[in-house]
Amino acid sequence: MSNAPPSQSCVFCGSTEKKTHEHIWGDWLKDYVPGRLSKHGYSFQEIDRPGQTIPPSHRIRAGDPLNSQVKIVCAKCNNGWLSRIQQETKPILGPLTQGQPAVLGREAQEKLATWITMATITAEYLNYNPRLVTTTQDQRQQFMETGKPLIGSRIWLGYWEPNRLAQQWLHTSIAVYDEAELPNVTHYDGAPQTNTQVTTVRLGKLLFHVMSSTDPRNISQWDWRDDPRARRLLFPLWPIRHQLIAWPINGMLDWDVSRISQAYIRRLDAIATALGD
Ligand SMILES: [Zn+2]
């Protein structure tokens with residue numbers, strides 16, 4: 001089982017028309033977050049079972065992160081609804097990356113959550129490994145048809161005063177299944193297909209943290225109970241909890257970012273250890 005589409009088709013609509021390069025963050029973001037970085041930190045981690053942590057793969061990619069492109073989307077999607085998401089989010093997202101004061105109502109929150117969903121889905125393909133793509137074709141199609149974040153997904157915002165860390169994208173793909181389901185999810189390379197992902201991105205002064213899964217029960221109870229500081233610093237964006245978000249919110253430090261990005265994985269490991277797995 002693989003969540004990747006047949007290699008020639010668009011990951012959203014399934015069309016086999018010619019595909020185009022899509023700028024993951026949107027080319028326009030360069031106006032707000034200057035492309036002054038000649039290289040940037042990039043890491044991903046995969047975990048097959050709780051307790052079996054594979055060290056994160058740390059990579060330095062040449063070039064500016066805003067230039068990262070993936071060729072997985074057909075021209076019709078790219079120039080149509082995906083382009084509309086970029087255009088509609090531009091006036092909201094741009095100022096947030098600068099730390100400019102802003103008030104986000106429900107409509108703005110939903111647009112922002114939709115853009116973050118788009119970026120998270122497409123960025124998974126930077127791994128070049130279909131087993132690490134956690135979304136299914138059904139989920140991606142649902143996203144295309146509704147224009148809303150994936151069912152059961154959760155997104156938080158943070159405000160980060162850039163300190164010594166470069167802009168960064170941290171992504172973890174995890175296989176989280178009940179024992180009974182495991183025999184049915186083995187990928188052709190022998191390990192289970194991942195179905196749950198956690199992504200933390202710093203973009204200018206904006207941080208977003210996203211969790212999604214093909215089985216929302218894997219993340220629905222997550223509440224940062226072990227980390228009161230994260231509770232204070234992260235603002236829930238999706239599902240929408242507040243009529244308004246007044247920006248900027250409380251600022252976080254470099255060490256908050258690394259702790260927050262690893263919190264879910266650490267919790268899975270702790271559970272596995274307790275169960276003696
Ligand atoms: Zn398409």
Side-chain angles (χ1 to χ4, degrees), residues 1-4 11 43-54 56 113-114 116-125 127 129-143 146 148-158 169-187 189-201 207-227 230-231 234-241 259-277:
M1 187 177 98
S2 164
N3 289 344
V11 299
S43 106
F44 73 90
Q45 182 171 10
E46 66 169 309
I47 295 176
D48 289 332
R49 301 186 61 180
Q52 295 181 346
T53 307
I54 298 167
T114 299
I116 290 171
T117 301
M118 176 187 70
T120 309
I121 290 175
T122 51
E124 280 202 315
Y125 290 87
N127 289 326
N129 181 346
R131 196 167 63 75
L132 300 182
V133 174
T134 62
T135 58
T136 61
Q137 182 74 38
D138 280 353
Q139 283 182 302
R140 295 187 293 267
Q141 195 162 338
Q142 170 235 320
F143 175 60
T146 64
K148 292 189 197 303
L150 301 179
I151 291 169
S153 67
R154 305 182 64 192
I155 306 173
W156 292 264
L157 295 183
W169 176 69
L170 297 151
H171 174 262
T172 307
S173 296
I174 321 158
V176 186
Y177 295 99
D178 291 337
E179 285 292 329
E181 298 169 312
L182 266 176
N184 301 320
V185 297
T186 305
H187 195 251
D189 65 4
Q193 171 67 46
T194 60
N195 67 341
T196 304
Q197 67 83 30
V198 182
T199 300
T200 310
V201 174
L207 172 138
F208 56 83
H209 183 76
V210 188
M211 300 170 83
S212 68
S213 178
T214 56
D215 183 351
R217 290 173 304 176
N218 288 337
I219 53 177
S220 60
Q221 301 299 314
W222 180 255
D223 61 2
W224 304 100
R225 73 182 64 177
D226 300 331
D227 193 338
R231 279 185 137 157
L234 289 173
F235 204 97
L237 175 70
W238 190 266
I240 293 175
R241 297 261 179 80
R259 203 178 67 251
I260 284 165
S261 66
Q262 293 294 314
Y264 182 72
I265 309 308
R266 279 203 314 272
R267 187 64 188 279
L268 284 186
D269 275 342
I271 292 169
T273 306
L275 294 174
D277 188 0

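What you see is a predicted model, and the numbers here were worked out from it, not measured in a lab.
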By side chain to side chain contact (heavy atoms under 4.5 Å, CB included), S212 pairs with (sequence neighbours left out) L150, S153, Q197
Side chains of F208 and L237: closer than 4.5 Å at any heavy-atom pair?
-> no
Residue set satisfying side-chain hydrogen bond (donor to acceptor under 3.5 Å, both in side chains) with R266, at least two apart, ordered chain then number -> none
Exercise. Determine whether T117 and I155 make a side-chain contact, defined as any pair of heavy atoms from C-beta on separated by less than 4.5 Å.
Key: yes
Given 3.5 Å as the limit, does a donor-acceptor pair link the side chain of R140 with the main chain of T135, or not? yes
By side chain to side chain contact (heavy atoms under 4.5 Å, CB included), T146 pairs with (sequence neighbours left out) Q142, K148
Is a side-chain N or O of Q139 found less than 3.5 angstrom from the main chain of T136, in a donor-acceptor match? yes
Is there a side-chain contact between T134 and T214 in this structure, where contact means two heavy atoms from C-beta onward sitting under 4.5 Å apart? no
Subject >> side-chain contact (heavy atoms from CB on, under 4.5 Å) evaluation trace for T172 with T200 >> reply: CA-CA 9 Å; T172 307; T200 310; over 6 Å; no
Scanning both residues in full, the closest heavy-atom pair of R259 with A230 reads NH2-N, 4.0 Å
Here the gap from L268 atom CG to I174 atom CD1, rounded to the nearest 0.5 Å, amounts to 5.5 Å
Hits for side chain to side chain contact (heavy atoms under 4.5 Å, CB included) against P236, two or more places apart or cross-chain, chain-then-number order -> W156, R241, H242
So CG of L234 and CZ of R154: to nearest 0.5 Å the spacing works out to 11.0 Å
side-chain hydrogen bond (donor to acceptor under 3.5 Å, both in side chains) filter on D223, not counting sequence neighbours, yields R225
### Query
Short question: side chain of R267, backbone of W222 - any donor-acceptor pair under 3.5 Å?
no
Note: T114 and F143 closest approach over all heavy atoms is O-CZ, 3.6 Å
Residues passing the ring pair (Phe, Tyr, Trp, His ring centres under 6.0 Å) test with W238, sequence neighbours excluded, are none
Hits for side-chain hydrogen bond (donor to acceptor under 3.5 Å, both in side chains) against S213, two or more places apart or cross-chain, chain-then-number order -> T196, N218
D226 meets the side-chain hydrogen bond (donor to acceptor under 3.5 Å, both in side chains) criterion, sequence neighbours left out, with none
I219 and G152 have their tightest heavy-atom pair at CD1-O, 3.3 Å
Between Q193 and V133, the two heavy atoms sitting closest are NE2-O, 3.0 Å
When rounded to the nearest 0.5 Å, the distance separating CD1 of I116 from OG1 of T199 is 11.0 Å
query = With side chains defined as the heavy atoms from C-beta onward, is the minimum distance between V176 and D215 less than 4.5 Å?
reply = no
Taken to the nearest 0.5 Å, the spacing of H209 NE2 from W224 CH2 works out to 3.5 Å
